[in-house]
Structures are given as structure tokens and as C-alpha cells.
Amino acid sequence: MEKILVIILGLLLTFPSIAARKPIYKDSSKSIEERVEDLLSRMTLEEKVLQLNQYTLGRNDNANNFEEQVHKLSPEIGSVIYFSDSPELRNSLQKKAMEESRLGIPVVFGFDVIHGYRTILPVPIAQACSFDPELVEEGASVAAMEAKKAGVDWTFSPMVDIARDPRWGRVAEGYGEDPYLASVMAAAAVRGYQGTDPSDGKHIAACMKHFVAYGASEAGRDYVYTEVSRQSLWDTYLPSFEAGVRAGAMTVMSSFNCISGIPSSADSYTLTEVLKNRWGFDGFIVSDWGSIQQLRSQGFVSDKKEAAMASMNAGLDMDMMNECYDAYLEDLVKEGKVSEARLDDAVRRVLRMKFRLGLFEHPYVEPTKYMERFLLPEYLETARRLAEESMVLLKNDGGLLPLSKPSSIAVIGPMAESRFHHLGSWQGKGTGEFVVNTVAGLKKRFPDAQIVSAQGCDFDGGDRSGFEAAVKAASEADVVFLCLGEKNNWSGENASRSTIALPAIQQALAEEIAKAGKPIVLVTTSGRPLDLHLLEPLATAMIQEWQTGLESGNALAALVSGDYNPSGRLAITFPYSTGQIPIYYNHRQSARTNQGFYQDIPSKPLYDFGYGLSYTTYSYGKVEVSDSLITKDSKIRVRVPVTNSGSVDGTETAMLFIRDPYCSVVTRPVKELKRFSRHEIKAGETYVFVFELDPQTDLSFVDSEGRRFLESGEYDIIVKDQIIRLTLK
Ligand code: GLC
């Protein structure tokens, strides 16, 4: 032994560079792949397993037990869900990982930054109604900057589940019913979160969730089964995830549901065959909170060890709060039930993300003062613009809006004064204290008007004692803002509702207020489409405000004053009533076009996908297509002249749909969105929208195995009510 030591010592003295040379994984001049492989080769089985686990630092972040929390966690832990907004706690845990662990692998800190961190933006379903991916990207970058400075490296967002059942509470978190719109918004959010250099200290890793088909939860109930054919998987539920992966999303989160009997968190077809093999995804997949151990309750495995084996072998890389991988993976590998190769593949993916985030070079977050990192004026400006563009004008009889110098306004209803309920679900570190509510927004915009508010009733219950004061306020005002809607937690996770109508007490209040005979602006605040068909007749004007975050009141005031001409368009259908659900625009054709309707209610929705009014009118000129006889290699150019035929400048979103009236492989929807573009058009002026289509991508479809095909035959280009038929030879 002594001889060996003498030789080593001699070598080190002779070649000091050997001792001084840092390991490849610590050398930032080396490629990420070289560094990953070098580090992986140095890790023990136990260290590898710990990298595949995510714990939480507890929900309490009071300073007096930081050290206790930090002490509990292993320095080799892969990730922590970080509920605190102070970088100090994060840095103290990171210090432990960098200095006390054998290899100094940094922890990656994750959190649900769904629509803003401290500067809360509109809920994603509302943002989708802006049809403004650039602004959605800007919003995500604001969220990333606030989150990063608070100590968060990774957000569990964007949620891109296609949903067509608004009884499901999580419809609030996604981008609506259409795969194309959701794909565009998914890519925009990924770009906003990650930027072009996710290691720049201003950006964070994105996470596409919940993979996959969670939005098909039967009857809108949460965590349940989804009956999804392979065809629907490829046609409807996978495209938005593929768009996010192509945009460079660094992680994906598996989902709670099972896909026609196979729990998604143990489904090798979607997790490995589709995501990793077909799409070449080189990031990692994290489970949802508990979704591995829930394989037991889904009846797929009998115990947690089996659950760990099923998920790991299906391709799920990191365990979020299941306590399965940390407890059983080491044994499973030793027993040969999980291969070393699979384990190494998972660890490689986690390490790759940490290198890409620059965590080895910059493991700590520079502490900043509270108001240096949150709620900056430019952040609030983004929030306000996004709120203005997200709200949708549903009705405006007699041009009641924009209001011209109202002298007295009554603001009535459970949302009249509420702040907190404007935040929406998953409000991150947002609080109601910074919300500009409806009354505050109107008072600020109309300082000379007399503005009186009266709650009238609560969100639900049967207490009508506030009605009298509300009716009195209405009768004494020129115009009434009737502010109804949902509580914050009526949508979001574990928030299914059997009906999308508002509680009876709110309907009763509306009917009493209507008796005052004053013009009513109905403003609805919700995280889901609502059944408005009984409220619609009572209102002169209607605005679907959604839950639009900190700047709600200022944005609403901008719309109703005409400072901003409404441009929002619905990203999800508003059913006539709950009984119509599911109802969405891109449905397949029925066998009988003149039969099969409901006997007791209309069969058309109250408001269609893409619906939204403006204070001006837009006239669509003749749509021109470069050629109606095309080949598979043609490039199709579509020109859409739109004139602002009203007297107010506005922003129009032109939407181009396609239709394949006859497809011999699988029938196609009555129409499918393939392009959209928004543009400001001044009163009296004409703007020509130009869209380029490529038959290979825009007229082709995928079959039940995801194989793309393009058939010769007829295709329709649909813009508004114009249909141009093309023939593909
Ligand atoms: C939750 C949600 C998921 C979230 C995760 C972490 O159960 O399903 O969207 O990101 O747990 O909070």
C-alpha cells in the first residue's frame, strides 16, 4: 500500500497538473454531453437514485425552522418543490448540496408558476382568448424573471391539456379546445419561460403537462379514466405537447388519468415510444404529485415497489412526492427488474437539464430586495395588456359600450369588490392585496362619476338580505355593472362542478336588479365557460372577464371606457347549458345533418369558439387563393382583405380553417383551425392578411399510429363564411 501511495505522490509532484485538473463535469469549457457522461460515470447507484427524486421543503417558509427543513433533506437530492419566495432558504439548501455532497451536484428547485409568480396574469384559458402568442410569451418571461429571483429554476407549466368539458375545473389552466391554438400558445409559453439561454439567470425550465389526455377526464370529474382512442390521442391530445417539445421544453409531467385503462404514469407507449423515440425528446419526465404510487389505486400494481418498477420501465424519470423511487429503485436495479441502462438514461436526462440551466456554474440566486424582484411597473403593464386582450365582449346592445361620461354607476354582485377571486386558481405567490378590483378600476377611470357598490349576495347560498340595498343602488344609477362569477377555487385542480350555471342566488339577484330597468353591463369572472343563457336576456352588454389577475379592474375599465377596443375571441365554446357538454367547434360531421337534435334545448352553443365582439365592425373582402388546383408540393397563399368598416380603430384576429370533406382513412372534423393572425386596423382602413399553407403539413393528417398521410382530392379553405374549394391532384 505504501509503495502505491509513494508512486501516486511522485506522479502528483512530477505532474502537478494531474492534481490541479478539474474533473470534466466541472469544466464549463466542455460540452454538456461530455460533462453529463463524466459525472454519470462517477456516480454511485445510491447517488443516481437520489437524483431521480423530488421532495418539498414544506409549505411553511417561516424563517425560524429553515435550518430544520434544510437539515432534513439529503444533499444528494435531485429536486425540491420550493414554496418559499426567498432566495436565502434556497441558497442554504443549495450550499448543502454543493459543499456536503460527494460530487457537488446542484439541486433544481421547481414550483407551479402557472400564470405569473407574484405579478399574477390572466388564467391561461383567458390568455388563449387573446390569440396573441407574442404577448403570452412576454407574460411567461415576466413570470420567469420573478420566479428566478425568488429561487425557482423550473416551473410546472405550461399546462396544455385540450379540454372540452368545462365541468372539469382544470379547463382554467389550459389553452382551450383547439389543438392548433393550444400548440401555438404552448410554444409561446415555452419560449417565454426558457428564453434562448435558460442559464442567463432570467429564465427557467418549462414543463409540458399533463402528459397525456388528462383533459378528456370523463364527465369533467378529476383524476379519473379517459376513454381515448389512439386516433384521438394523435389528432387531439398529442399535438400541443409536440409543439412544446419542438419549442425546446426541457421537461414533461405525466398525468393522473389512465388512457383507456393504462395509467399515463406507467404508459410506455406515450412516455417512451411517442415522446422519447418518435419525437426525440431529450429532457426528462417528472411524475405528477403522487401519480406513481397512485398506480395502486388505479388497480395497475399491488404495491409501491411494483409502482416504481412500472413507471421507471415505462420511461418516467423523476418521482414527485411518491416516495417510490428513493425507497425501491436501488433494489429494483440490483434485482435486475430495472436495468442500469434505464436508470442511467433517467439520470442523464436530469443532469442534462441542470447543466443546461447553468446550475453547476451558478447554483445560487443573487438575493435582491423585495420590490426589486416583484411587481415592477413593466411587469404590471404586461399584466394589464394581457388582461385587456383576454376579456371577451359577448353582447353590446344599442352600443351601450363604451360608456360616454357616465355620471353614476352602480357596481353590484359578489365580484363587485372582491380582489382575491380575480387571481384564479394556481395563483403562485400572488395575493389579493395587489389586485385592482372592479370598483377600484372604475373609480380610477371615471373619477367624476358617482360610483356606488353593493354586494347584493354571496357567490352561493340563499341569503337575499343584500338584495334591497343592491336594487336601491341600481335604481339610482345611470348604468349598472352586475359582477357575477366563480370563487377562486371553483376551478383548478380537484374542482369539478356538475353544472356550469352560476348558483341560483346569483341568478335571483340578476333578476331583481333587472327590475330596476337600468342598462346592465354583466361582467362574469370565472375560470371556465359558464352557462349564461338565463342571464343573457337580462343584460344590455356582457363581458366574459375570466380571472385576469392583478390588473383586472384596470383592464375592465379600459374596455368599458373605450380606451381599449375589445379584441378577445373565445378559445373555448360556451355551451347553451350543461346538458350540451361536450360541445366544441371541431367536431366530426354527424350522419344526419337535419336530425338528431335535442328536443328540449337548442343544439347550437350559446357562443362559438372564436366568437367575440368589437366596438367597430370588420368587413371581409373576397378571400383569394393562389391556386385552386394544387399538388402535394404546392405552396398555397391565401389573401384575406379585412376592412374596419366602423368608426373606431380596432384589432381583428383573422382565422383560417381547413376542411377535408371526404377522407378515406378517417373522417375529419367539420373544420380545423390552421392559421390565425391579429392585426390593428384603423377605422376605414383595409388590411390584407396573408397566410401560407403547405399541403404536406396543413392538409395532411395522422392515422391512429401517428403516421402522417396526405390524400389527393378536395379540400376547403374556410375564412368566416367564405369557403374556397381546392383540388389536390
Ligand atoms: C398537482 C398538479 C400539477 C402540479 C403538481 C405540483 O397535483 O396536478 O399540475 O404541477 O401537483 O404542484
Side-chain angles (χ1 to χ4, degrees), residues 53-61 78-85 108-117 123-125 140 143-144 147 150-163 168-175 182 186 189-190 193 204-217 220-226 237 240-241 244 249-259 263-265 283-295 297-298 311 316-324 424-430 489 491-496 527:
N53 285 272
Q54 178 181 69
Y55 295 150
T56 167
L57 257 185
R59 291 180 180 280
N60 61 340
D61 50 16
S79 175
V80 166
I81 300 183
Y82 190 61
F83 288 98
S84 165
D85 66 359
V108 61
F109 294 85
F111 186 58
D112 289 290
V113 188
I114 308 302
H115 52 106
Y117 180 80
V123 289
I125 187 64
V152 173
D153 310 304
W154 172 29
T155 177
F156 308 130
S157 175
M159 187 274 215
V160 297
D161 301 310
I162 297 299
W168 189 51
R170 306 200 76 166
V171 70
E173 303 171 49
Y175 296 117
V190 168
Y193 286 131
I204 56 180
C207 181
M208 307 296 296
K209 73 182 187 184
H210 306 78
F211 195 67
V212 64
Y214 185 24
S217 290
R221 290 188 290 272
D222 211 347
Y223 312 113
V224 295
Y225 28 86
T226 57
Y237 297 102
S240 51
F241 286 92
M250 297 166 93
T251 66
V252 168
M253 181 185 289
S254 71
S255 58
F256 290 129
N257 58 296
C258 74
I259 304 167
S264 101
S265 293
F284 70 85
I285 308 167
V286 63
S287 77
D288 202 337
W289 189 309
S291 68
I292 296 173
Q293 58 88 7
Q294 284 166 194
L295 298 181
S297 40
Q298 286 170 301
S311 289
L316 206 161
D317 303 305
M318 182 180 277
D319 169 341
M320 177 195 282
M321 297 300 288
N322 292 278
E323 294 173 343
C324 285
S425 55
W426 296 104
Q427 71 268 24
K429 301 303 278 186
N489 61 359
S491 56
E493 182 178 354
N494 193 19
S496 302

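Note that this is a predicted model, so its numbers are computed, not measured. Both ligands and their constituent atoms are indexed starting at 1 by order of listing.
Here the heavy atom of the protein found nearest to atom 8 (O) of ligand 1 is D288 OD2, 2.6 Å. If you check which protein heavy atom lies closest to atom 12 (O) of ligand 1, you get D112 OD2, 2.5 Å.
Checking side-chain atoms of D222 against main-chain N and O of W168 turns up no donor-acceptor pair under 3.5 Å. Panel note: side chain D288, backbone S255; no donor-acceptor pair is recorded below 3.5 Å. Between the side chain of S291 and the backbone N or O of S265, no donor-acceptor pair lies under 3.5 Å. Remark: side-chain polar atoms of H115 are not paired, donor with acceptor, to backbone N or O of I125 under 3.5 angstrom.
Taking distance alone, with nitrogen or oxygen atoms compared against 3.5 Å, R170 approaches ligand 1 more closely than that limit. At least one N/O-N/O distance between E493 and ligand 1 falls below 3.5 Å.
In this structure, M253 is part of the shell of residues with a heavy atom less than 4.0 angstrom from ligand 1.
Applying the salt bridge (Lys or Arg N to Asp or Glu O under 4.0 Å) criterion to D153, with sequence neighbours excluded, gives R90, K148.
In this structure, F256 and H210 have parallel ring planes: the angle between them is below the 30° cut-off, well short of the 60° mark.
Residue-ligand proximity, F256 to ligand 1, at heavy-atom distances under 4.0 Å covers atoms 7 (O), 8 (O). Near K209, with a cut-off below 4.0 Å to any heavy atom, the atoms of ligand 1 are 3 (C), 4 (C), 9 (O), 10 (O).
Side-chain atoms of S264 and Y214 form no donor-acceptor pair, as typed in the model, at a separation below 3.5 Å.
Counting heavy atoms under 4.0 Å from ligand 1, residue M159 does not touch it at all. The side chain of H210, and not its backbone, has at least one atom closer than 4.0 Å to an atom of ligand 1 (non-hydrogen atoms only; side chain from C-beta on).
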